[in-house]
2 protein chains.
Amino acid sequence: MATIKDVAIAAKVSVATVSRVLNETGYVHEDTKTRVIKAMKTLNYRPNEVARSLYHRESRLIGLLLPDITNPFFPQLARGVEDEIHQHGFRLIFGNSDENLEKELDYLQTFKQNQVVGVISATNDPEATINQDLSMPIVFLDRTGDEDEHVPSVFADSRKGGQLAASEMMKRNSKRITLIKGPAHLRTAKDRFNGALDILSSADVDFHVLTTETFSFQEAQQRAEDLFSIYPKTDGIIASNDIVATAILHEALKRGIQVPSDLQLIGFDDIPHSEWLFPPLSTIRQPVYEMGKEAAKLLLKLIKNEYIEKSTVQLPVSFIERQTTRKVDNNE
Amino acid sequence: MATIKDVAIAAKVSVATVSRVLNETGYVHEDTKTRVIKAMKTLNYRPNEVARSLYHRESRLIGLLLPDITNPFFPQLARGVEDEIHQHGFRLIFGNSDENLEKELDYLQTFKQNQVVGVISATNDPEATINQDLSMPIVFLDRTGDEDEHVPSVFADSRKGGQLAASEMMKRNSKRITLIKGPAHLRTAKDRFNGALDILSSADVDFHVLTTETFSFQEAQQRAEDLFSIYPKTDGIIASNDIVATAILHEALKRGIQVPSDLQLIGFDDIPHSEWLFPPLSTIRQPVYEMGKEAAKLLLKLIKNEYIEKSTVQLPVSFIERQTTRKVDNNE
DNA sequence: TTGAAAGCGGTACCAT
DNA sequence: ATGGTACCGCTTTCAA
């Protein structure tokens with residue numbers, strides 16, 4: 001690979017001059033500029049990013065830390081981030097943490113050693129991260145800590161989502177509700193749950209709470225089996241996310257339960273496959289791709305030290321009506 | 001962040017000595033070694049990877065180029081790659097190319113500017129990539145060019161997969177087959193198709209070929225609608241991948257077609273959600289995660305200049321019998 | 001308008 | 001066994 005020195009020699013100028021035309025800083029005569037540009041072209045010169053990073057003590061890399069890209073929720077998030085930063089000339093260095101604090105810290109460390117300009121992290125434990133004294137901007141994605149921390153973060157309105165799920169369910173007249181509570185350590189899961197509770201506890205329905213420790217299909221399927229044995233009369237299930245909802249739907253169909261006539265089901269997230277199911281899953285949508293983009297935008301502002309109106313951005317959720325819920329009666 | 005100089009001062013030695021203990025090269029007295037290590041600890045020193053990269057003209061980063069992480073096929077691939085390289089102290093710089101040659105070349109360029117040690121690429125156009133004179137090892141993943149190129153690559157045995165799909169279908173007595181042909185520009189899609197053709201053309205069945213230009217659910221759904229109108233009697237469909245199969249299943253169920261009794265369906269890939277469907281999808285499995293790992297292993301060998309027995313590794317596919325195919329009659 | 005040179009944080013060669 | 005120093009490729013200050 002040609003270096004700046006090669007260009008300088010070819011153009012018969014000093015490296016300083018080449019650097020000047022490269023960065024369009026300082027004065028440089030039109031003619032020499034032309035010569036330099038020509039030399040760069042013929043040598044197919046590209047500046048070495050590593051050398052630049054070293055000088056600036058900062059690369060054009062952004063660290064992205066996700067629990068597990070294999071979980072269908074995350075690819076869209078990643079894509080949103082990538083699309084946004086790519087436009088601004090940044091690249092992604094990416095890692096899976098498996099929700100393992102040690103791995104997270106290890107990644108944060110190597111991000112730092114690579115002089116990333118900033119990081120976007122979907123971690124359960126923002127505090128631990130913050131206490132690392134990263135000395136670089138970081139924005140938390142999706143899984144955020146307590147509200148009052150005022151740490152830069154973007155997330156969806158989970159509580160509203162939970163409320164929405166429950167009230168849409170109420171509108172459609174299910175009376176014996178099962179509410180699935182997701183993993184206790186996830187803030188978003190708790191919020192969804194509490195949101196649903198807000199509505200259910202003051203509604204005229206029976207309800208039953210069931211907890212899953214993970215968001216895995218296998219566990220959810222297990223729990224679904226139990227559920228239909230223990231509480232066969234349930235006629236409305238609010239799942240903690242779409243994977244869990246999928247497992248429940250799977251089990252219900254297996255048992256010949258009619259969906260949505262005998263059992264209504266609402267998921268959460270709106271991952272891509274939800275609409276591919278049959279019947280397609282009604283769910284609470286999080287604008288995942290947009291969340292990724294917003295996180296990237298926020299980070300970019302932080303990096304450029306721009307004015308930030310609000311460092312926590314909360315995106316709205318919406319009810320996606322598909323076919324695991326009944327049509328609502330417009331005449332009531 | 002503390003630098004090597006800080007450590008040197010704290011330990012009252014030269015930077016050369018610190019470098020020696022850091023890299024365990026050359027002689028250094030036990031006592032001074034202890035002092036240096038202590039200084040590193042108290043300063044919480046981590047070597048600057050960027051400076052190292054500059055000196056070595058090589059970073060500890062590996063470039064991963066995928067068409068679109070949002071396509072459910074790729075996250076597992078990415079995970080396989082990441083898990084393997086992470087073990088060896090490498091990190092991933094990651095990009096989506098959208099099967100767009102320009103974006104691909106752009107990424108390759110920036111990978112190079114960041115002095116990655118090697119790249120793993122799932123591209124349709126290995127030739128174009130190769131012609132870039134990357135001057136670094138690259139292994140192609142999944143979507144490879146012609147066999148005889150002998151370019152390092154890992155992929156599954158698509159042709160065998162196609163044959164397997166067709167013969168399993170034959171075993172189960174479907175007689176009016178629809179064979180879906182995937183995007184013409186994808187080598188793997190062609191191979192699957194030809195594999196199925198190998199079997200079908202010499203079997204005692206009618207068959208019908210239908211082409212999709214993409215692997216998108218939307219397009220497949222459209223085509224599925226057409227299919228059931230044009231060829232309502234089809235009783236066995238071999239799809240070009242699981243997404244297409246999902247769309248077909250969706251449409252079949254919508255029309256009240258009994259699966260698998262009236263219509264059997266076999267997908268390709270075995271992406272995670274295939275087993276979440278109801279009925280769960282019978283499919284030809286590609287060991288995707290392993291493919292990612294193998295690609296990483298191959299690249300690592302290339303990087304270390306180790307002896308390579310075979311630079312193209314082909315992984316076996318297998319038939320995953322689930323419930324969109326009938327149980328095969330053991331008494332025949 | 002241009003060039004020389006110091007410095008970014010490491011590594012490794014050459015002395016001592 | 002240890003230290004001095006040139007160098008990796010680039011940017012920027014200072015002087016000319």
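Reminder, nothing fancy here: chain letters follow the sequence lines and each chain counts from 1. Side-chain atoms are counted along with the backbone in the values below, which use heavy atoms only and exclude waters and symmetry mates.
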Participant: Within a strict 4.5 Å, meaning less than it, do heavy atoms of the B:L92 and B:L64 side chains meet?
Facilitator: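 Sidechains of B:L64 and B:L92: in contact.
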Participant: Taking only Lys NZ, Arg NE, NH1 and NH2, and the carboxylate oxygens of Asp or Glu, determine whether A:D106 and B:R91 approach each other closer than 4.0 Å.
Facilitator: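 A salt bridge is present here (some side-chain N lies under 4.0 Å from a carboxylate O).
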Participant: List the atom pairs, donor and acceptor, that lie under 3.5 Å between side-chain atoms in residues 70-79 of chain A and the rest of the protein, sequence neighbours left out.
Facilitator:
from: A:N71; atom 1: OD1; to: A:F73; atom 2: N; distance (Å): 2.9
from: A:R79; atom 1: NE; to: B:D68; atom 2: OD1; distance (Å): 3.0
from: A:R79; atom 1: NH1; to: A:D83; atom 2: OD1; distance (Å): 2.5
from: A:R79; atom 1: NH1; to: A:D83; atom 2: OD2; distance (Å): 3.4
from: A:R79; atom 1: NH2; to: B:D98; atom 2: OD1; distance (Å): 2.2
from: A:R79; atom 1: NH2; to: B:D98; atom 2: OD2; distance (Å): 3.0

Participant: Which parts of nucleotides 8-16 of chain D does protein reach within less than 4.0 Å, heavy atoms only, written one letter per nucleotide 5' to 3' as B for base, S for sugar-phosphate only and - for none?
Facilitator: BBSBBB---
Participant: Can you see which heavy atom on B:S121 is nearest to which on B:I138, and at what distance?
Facilitator: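 Looking at all heavy atoms of both residues, the shortest contact is CB-CD1, 4.2 Å.
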Participant: Could you state the atom-to-atom distance from CG of A:N114 to P of C:dC8 in whole Å?
Facilitator: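 Answer to the nearest Å: 20 Å.
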Participant: Are A:T123 and A:E99 close enough that some pair of their side-chain heavy atoms sits under 4.5 Å apart?
Facilitator: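 Heavy-atom side-chain distance check fails, nothing below 4.5 Å.
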Participant: Charged N to carboxylate O below 4.0 Å: is that the case for A:R52 and A:E49?
Facilitator: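 Salt bridge present between A:R52 and A:E49.
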Participant: Nearest heavy-atom pair of B:A189 and B:F215: which atoms, and what distance?
Facilitator: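 So the two residues come closest at CB-CZ, 4.2 Å.
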Participant: Looking at every non-hydrogen atom in both residues, tell me the closest pair between B:M291 and B:A156 and how far apart they are.
Facilitator: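 Smallest interatomic distance, heavy atoms only, reads CE-N, 3.9 Å.
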Participant: Let's see if you get this right: which residues in residues 27-41 of chain B place a heavy atom under 4.0 Å from DNA chain C?
Facilitator: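 DNA chain C contact set from residues 27-41 of chain B: none.
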